[in-house]
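Reckoned from all heavy atoms, side chains included, excluding hydrogens, waters and symmetry mates. Here the structure is a predicted model, which means the values were calculated and not measured. Both ligands and their constituent atoms are indexed starting at 1 by order of listing.
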Amino acid sequence: MNSSPLTSPYIGRFAPSPSGPLHMGSLVAAMASYLDAKVHLGTWLLRIEDLDYDRNVEGADLGILASLQRCGMHWDGEATWQSRRLPLYEAALKQLQDDGLVYACGCSRKEIQDSVLQAGGPKGGVAVYPGTCRHGLAPGKAARALRLRVPQGPPAVYGFTDRWAGPQQQDLAGEVGDFIVLRGDGYWAYQLAVVVDDGEQGITHVVRGADLLDSTPRQLYLQDVLGLPHPGFLHVPVVTNGSGEKLSKQTGALAFDTGTSAADLLASALLPAARFLGLDVRADKVDDFWRQAIPAWAQRLARLPEQA
Ligand code: GLU
């Protein structure tokens, strides 16, 4: 490792899902987390979040690693794959079960949506789980998922100050409800796995896209019930296409094939990503790019209202 927790208390990470090649949106998240680790003389880990087996694309993990290397973003230590860490999630679930915080739920997505409508809730949008199976599965129903109880009432309001987006808060009971930690098909929920891994890897700073801002209160709550510390959070704006939709791996793919010259890499990937983050960098070599981008990130942070 270039730096270790012994030399800096900062441990950050980039945690891509291997559902396709690195794209402008994921490059922006990778760049922000890499720069933040470098500015703090910290460690930058790489974790492949490959637990959604239906969305994994064969070879995308190695493709992402190669693209990061080509961009000059070198991670510390060995990259990890969530699919190789399943005993950690099993142990965390056991802890939650022993504490009586988990129950089996037999509701389908449609049933949840219908009970929200019956209770006068909005059509479409995010359905807050109404707690139907909180006191046991209805007779004849099979478990479709395991859910984590969130506390009811005022203590369920989780607030935090995002280093980029400022103060945030969410009423877990009122806006999310008891949420899934293990799906009926045996897939681990992102929320559980990310918290277990961030805890086990000693992550002190999470830097990622703002599409995950509203997952953060669930993660803070999980950290509390698992006895894990809260890392700091910084969510960078999400790159959208012309119609304001979040770029997907399909729409925003970047060409990182080995034929691409350093000039193309800069012009088509690194410089636009830096510009999106508000960094003033004008390099024509990849090494120079990073030499300029690291102090530019420090200056960018100093201009954020939260850093004042
Ligand atoms: N794996 C998630 C994604 O690719 C990111 C998770 C995180 O950074 O917490 O969107």
I'd like to check which ligand 1 atoms, numbered from 1 as shown, lie under 4.0 Å from a non-hydrogen atom of S17.
1 (N), 2 (C), 3 (C), 4 (O)
Out of R13, R55, Q191, who is nearest to atom 8 (O) of ligand 1 when you count heavy atoms only?
R13
Would you check whether Q219 reaches within less than 4.0 Å of ligand 1, judged by its heavy atoms?
no
Sub-4.0 Å heavy-atom contact, F14 with ligand 1
no
Proximal atoms of ligand 1 relative to Y190 (non-hydrogen, under 4.0 Å)
6 (C), 7 (C), 9 (O)
Using a 4.0 Å heavy-atom threshold (strictly under), name the region of L212 that reaches ligand 1: side chain, backbone, both or neither.
side chain
Considering the options R218, R134, R149, R147, which one meets the salt bridge (charged side-chain N to carboxylate O under 4.0 Å, His left out) requirement together with D178?
R134
So, do F233 and L220 sit near enough that their side-chain heavy atoms are less than 4.5 Å apart?
yes
Looking at T80, L68, L45, which hits side-chain contact (heavy atoms from CB on, under 4.5 Å) with W75?
L68
Short N/O distance, under 3.5 Å, between V194 and ligand 1?
no
Nearest 0.5 Å, please: how far is CZ in R208 from NE2 in H235?
3.5 Å
Those atoms of ligand 1 less than 4.0 Å from some heavy atom in E49:
1 (N), 2 (C), 5 (C), 6 (C)
On the 0 to 90° scale, with breaks at 30° and 60°, tag the Y129-Y103 ring pair as parallel, tilted or perpendicular.
tilted
Once the angle between the rings of Y34 and W44 is folded into 0 to 90°, is it parallel (under 30°), tilted (30 to 60°) or perpendicular (over 60°)?
perpendicular
Please could you name the atoms of ligand 1 that R208 approaches to less than 4.0 Å, counting only its heavy atoms?
7 (C), 8 (O), 9 (O)
Should the ring pair Y221 and F179 be called parallel, tilted or perpendicular, given that the plane angle runs from 0 to 90° and is split at 30 and 60?
perpendicular
